[in-house]
Amino acid sequence: LVRLVESGGGSVQAGGSLRLSCAVSGSTWCRAWFRQVPGKEREGVASLLRSGVPGAYADSVKDRFTISQDNAKNTLYLQMNSLKPEDTAMYYCAAAPGYTGCPLVQALYNYWGQGTQVTVSS
């Protein structure tokens with residue numbers, strides 16, 4: 001059984017930074033962050049292979065967000081810098097069995113956390 005618990009969301013001004021954490025219990029191959037704004041589809045933000053190699057980043061967050069993990073703590077992170085108001089969303093941690101490159105395709109991920117809200121004001 002895989003369980004994911006996110007933390008670290010909050011409110012920040014544009015240009016600021018936040019770090020999201022996801023405590024992972026159980027074994028998974030692909031780990032990722034998705035986000036969702038009310039009324040819109042959930043979109044993939046970044047993914048990471050169990051080995052620690054990044055899988056994919058959404059174009060909208062490249063060079064601003066970094067996905068990483070601490071194997072000793074079994075925790076996934078999303079460091080978010082240079083935040084923009086359009087980054088405002090509920091952020092979800094997700095996990096999946098093995099897929100080459102861990103693509104950011106929501107349907108492939110069968111384990112989800114409860115979400116943590118990120119609000120960026122201008």
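The model shown is predicted, which means the values in this text are computed figures rather than measured ones.
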Trainee: I'd like to know if Val61 and Leu78 are part of one continuous hydrophobic network [Ile/Leu/Val/Met/Phe/Trp/Tyr, side-chain heavy atoms within less than 4.5 Å].
Mentor: yes
Trainee: Taking distance alone, no hydrogens or angles, what donor-acceptor pairs closer than 3.5 Å link side-chain atoms of residues 8-18 to residues at least two apart or in another chain?
Mentor:
{"from": "Ser17", "atom 1": "OG", "to": "Asn81", "atom 2": "OD1", "distance (Å)": "2.9"}

Trainee: Excluding sequence neighbours, so at least two apart, what forms side-chain hydrogen bond (donor to acceptor under 3.5 Å, both in side chains) with Thr116?
Mentor: none
Trainee: Lys62: what forms a side-chain hydrogen bond (donor to acceptor under 3.5 Å, both in side chains) with it, not counting sequence neighbours?
Mentor: Asp59
Trainee: What is the minimum heavy-atom distance between Thr28 and Arg50, and which atoms define it?
Mentor: O-CD, 3.1 Å
Trainee: So, using side-chain contact (heavy atoms from CB on, under 4.5 Å) as the criterion, who are the partners of Gln114 when residues are at least two apart?
Mentor: Val5, Glu6
Trainee: What's the spacing between Tyr91 OH and Trp33 CH2 if we round to 0.5 Å?
Mentor: 10.0 Å
Trainee: At what distance, to the nearest 0.5 angstrom, does OG of Ser68 lie from CZ of Arg31?
Mentor: 11.5 Å
Trainee: Taking C-beta and beyond as the side chain, do Tyr57 and Val45 meet within less than 4.5 Å on heavy atoms?
Mentor: no
Trainee: If we only count heavy atoms from C-beta on, is the Arg19 to Ser7 side-chain gap below 4.5 Å?
Mentor: no
Trainee: Not counting sequence neighbours, which residues clear side-chain contact (heavy atoms from CB on, under 4.5 Å) with Gln117? List them please.
Mentor: Thr88, Met90, Thr119
Trainee: Looking at every non-hydrogen atom in both residues, tell me the closest pair between Ser60 and Arg35 and how far apart they are.
Mentor: OG-NH2, 3.4 Å
Trainee: Going by side-chain hydrogen bond (donor to acceptor under 3.5 Å, both in side chains), name the residues that satisfy it together with Asp63, two or more places apart in sequence or in a different chain.
Mentor: none
Trainee: What is the minimum heavy-atom distance between Ser47 and Cys102, and which atoms define it?
Mentor: OG-O, 2.6 Å
Trainee: My understanding is that only residues two or more places apart in sequence, or in another chain, count here; which of them pass side-chain hydrogen bond (donor to acceptor under 3.5 Å, both in side chains) with Gln36?
Mentor: Arg42
Trainee: Report yes if the side chains of Leu76 and Ile67 come closer than 4.5 Å at any heavy-atom pair, otherwise no.
Mentor: yes
Trainee: Hey, could you give me each pair passing side-chain hydrogen bond (donor to acceptor under 3.5 Å, both in side chains) that has a residue in residues 103-112? Not counting sequence neighbours.
Mentor: none
Trainee: With sequence neighbours excluded, tell me which residues meet side-chain contact (heavy atoms from CB on, under 4.5 Å) with Thr75.
Mentor: Ser21, Lys73, Tyr77
Trainee: Evaluate side chain to side chain contact (heavy atoms under 4.5 Å, CB included) for Leu20 paired with Val118, printing each intermediate quantity in order.
Mentor: CA-CA 9 Å; Leu20 305 182; Val118 171; 3.9 Å; yes
Trainee: With a 3.5 Å cut-off and sequence neighbours excluded, list the donor-acceptor pairs that the side chains of residues 92-100 form with protein atoms.
Mentor:
none

Trainee: Would you mind listing the cluster partners of Trp29? Hydrophobic ones only (ILVMFWY), side-chain contacts under 4.5 Å, chaining allowed.
Mentor: Leu49
Trainee: Is Met80 reachable from Val120 through a run of hydrophobic residues whose side-chain heavy atoms are each under 4.5 Å from the next?
Mentor: yes
Trainee: Which residues pass the salt bridge (charged side-chain N to carboxylate O under 4.0 Å, His left out) test with Arg64, not counting sequence neighbours?
Mentor: Asp87
